[in-house]
2 protein chains.
Amino acid sequence: MLNLVFILNIVDNMGVNSLQPNKQDTLSEHVFEQIKEDIITGAIPQGCKIVETDLAKSYHISRGPLREALHKLESIHLVDRRPHSGSRVVTLDIVMMRDVYQMREAMEGFATRLACVAMSQADIDNLYRLLEKHESSIERSEGQRYFQKEGDLDFHYYVFSKCQNQWLIDYLNNKLYQVLRMCRHRTSQIPFRVEPALHDHYAIVDAINNRDPELAEILMRRHISGAWKVVEKLLNQEENKESK
Amino acid sequence: MLNLVFILNIVDNMGVNSLQPNKQDTLSEHVFEQIKEDIITGAIPQGCKIVETDLAKSYHISRGPLREALHKLESIHLVDRRPHSGSRVVTLDIVMMRDVYQMREAMEGFATRLACVAMSQADIDNLYRLLEKHESSIERSEGQRYFQKEGDLDFHYYVFSKCQNQWLIDYLNNKLYQVLRMCRHRTSQIPFRVEPALHDHYAIVDAINNRDPELAEILMRRHISGAWKVVEKLLNQEENKESK
DNA sequence: TAAGAATTTATTGTCAACAATAATAAAATA
DNA sequence: TATTTTATTATTGTTGACAATAAATTCTTA
């Protein structure tokens, strides 16, 4: 399954993963990426205390670069750091996830507005083709959630990457979407229906195609706040189950 | 003049400066704050190449903490960093400033919407009092631009600090507003009229007072995009002058 | 025995030396 | 003379040791 996604991303060269810079020139960068993935996938569990010397040993580097990596992880909200006291991996409570989804609603909505003005017709055609591909892959592989979520990310990424505001792109790509992936790992066991999402996506692209920035923004906002309502519900159910 | 602002901020405990964390427990934090101010005020000029050993010497620390400070400065977009090649102070060209103002429009607009729902009546009363104070201080000290700009920041800060989204507050306060202060230092010699801004502010607070989040957001957005149009004009004039 | 103070241990913050890379200058060739 | 190649220098990346602080433990006393 993972392979299929990988190949697809390479083929059409517009997948999320292929477009991340992933510059690992220095040791610190490399280990940053590694720890980031380990946190997002849960290999290093949430709330886990981080001891610099231990972690440095397990990644086979010295404390200097590790420290730089931790600083970077702090700047994208994946670890908390208190002077003299040490670092912990963040715990994604419901409040934090709400904050993230709200941010996403605001920023991606605005990015969609900007992209609607800036996109070429070729870009829009690409978007339609992307959605058609998602549609057919849903028919073919009903229930294979991982792929569908990646497809969802591909769509969102393609849209906001055309907004021509580097700050916006950077923040969405390097900060919000990392935490979002972490959220998804937490809720990945829970099935959800993708057809409504695809329907939303078509509506958004239609608005872009009609060059209606206000509508495009509103639709993207609703799409995201709708997604949050689903996630919130699931989290609340989970919480209730645990407290019993 | 500076003193007056300072006293005012302490007295009512709602100024921008008093609410920034400013934790300088470690050497690295301390020097981070120092360099940050030096960049924002222009003591270290834009586009300036940064040599770690030199800078470490001039701040009387070793390269370790300096490096951490530089990383932090990079994460708030105040320096650019390329592996093995070194760092430079950013140069605020018109594109970057447009990006920042766009971000601000999106995020502060959304923050205003959230704050409109979350604010207590006491908060709103405080806002009205703050505006009245600004109004009278404009009458008293016409033309003293520094104070007026600080007053403007106080207003904006007070609003978005009530949005109850820690990510949003953090981003606006620690990233966007730092670059914004840098912009203002660049354009500080240029006079501008504050009465229209005050009028906008009243309209925004009225919308909040009527508990109309949509309108509050729209008004805040217009207020900020209007401010950008003024700044953009000034920058273009400046550019034309230089190219002659 | 329980609470508080003093001591020890563990962990982070800082430093200065070393290695690796990129920018610069010098030399060689066309 | 212009251009490529080579050597030099300057600057960053990395490391391990040391100092300062916080957490844990032991000891004392009520």
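First the proteins, then the strands, lettered A, B, ... as listed; each starts at 1. Computed from a prediction, not measured in an experiment: that's the story for all the values here.
Per the geometry, OH belonging to B/Y59 stands 16 Å off P belonging to C/dT14, to the nearest Å. Note: CD1 (B/I50) to P (D/dT12) measures 10 Å, nearest angstrom. With rounding to whole Å, A/E52 atom CD is found 16 Å from D/dT21 atom P. A straight line from CZ of B/R88 to C1' of D/dT11 spans 13 Å, rounded to a whole angstrom. In this entry the distance linking NE2 of A/H60 with C1' of D/dT15 reads 16 Å, nearest Å. Taking atom NE2 on A/H71 and atom C1' on C/dT12, their separation rounds to 11 Å, with Å as the unit. C/dA22 atom C1' lies 9 Å from atom NE2 of B/H84, rounded to whole Å. One atom, CZ of A/R81, and another, C1' of C/dT11, lie 12 Å apart when rounded to the nearest Å.
You'll find the ring centres of B/Y171 and A/Y171 inside the 6.0 Å limit.
Electrostatic pairing of A/E37 and A/R181 counts as a salt bridge here, judged by a charged N lying under 4.0 Å from a carboxylate O. A salt bridge is absent between A/E105 and A/K229; no separation between the charged side-chain nitrogens and carboxylate oxygens falls under 4.0 Å.
Shown here is A/K233, whose NZ atom has no more than 12 heavy atoms of other residues, nucleotides or ligands within 6.0 Å.
At distances below 3.5 Å, not a single donor-acceptor pair connects side-chain atoms of A/D38 with backbone N or O atoms of A/I44.
The listed nucleotides are C/dT12, D/dT15, D/dT12; the one nearest the side chain of A/P65 is D/dT15. Here C/dT12 is the nucleotide among D/dT12, C/dT14, C/dT12 with the atom lying nearest to any side-chain atom of A/V51. The side chain of A/S28 lies closest to D/dT14 when the candidates are C/dC15, D/dT12, D/dT14. Of the candidate nucleotides D/dA17, D/dT12, C/dC15, C/dC15 has the atom lying nearest to any side-chain atom of B/S62. The side chain of A/L27 approaches D/dT15 more closely than any other nucleotide in the set D/dT12, D/dT15, D/dA22. Nearest to the side-chain atoms of B/S85 among the listed nucleotides D/dA23, D/dT15, C/dA23 stands C/dA23. Among the nucleotides D/dT15, D/dT12, C/dT14, the one closest to any side-chain atom of B/T53 is D/dT12.
In this structure, B/G86 reaches the sugar-phosphate backbone alone: every heavy-atom distance under 4.0 Å involves primed, P, OP1 or OP2 atoms, never a base.
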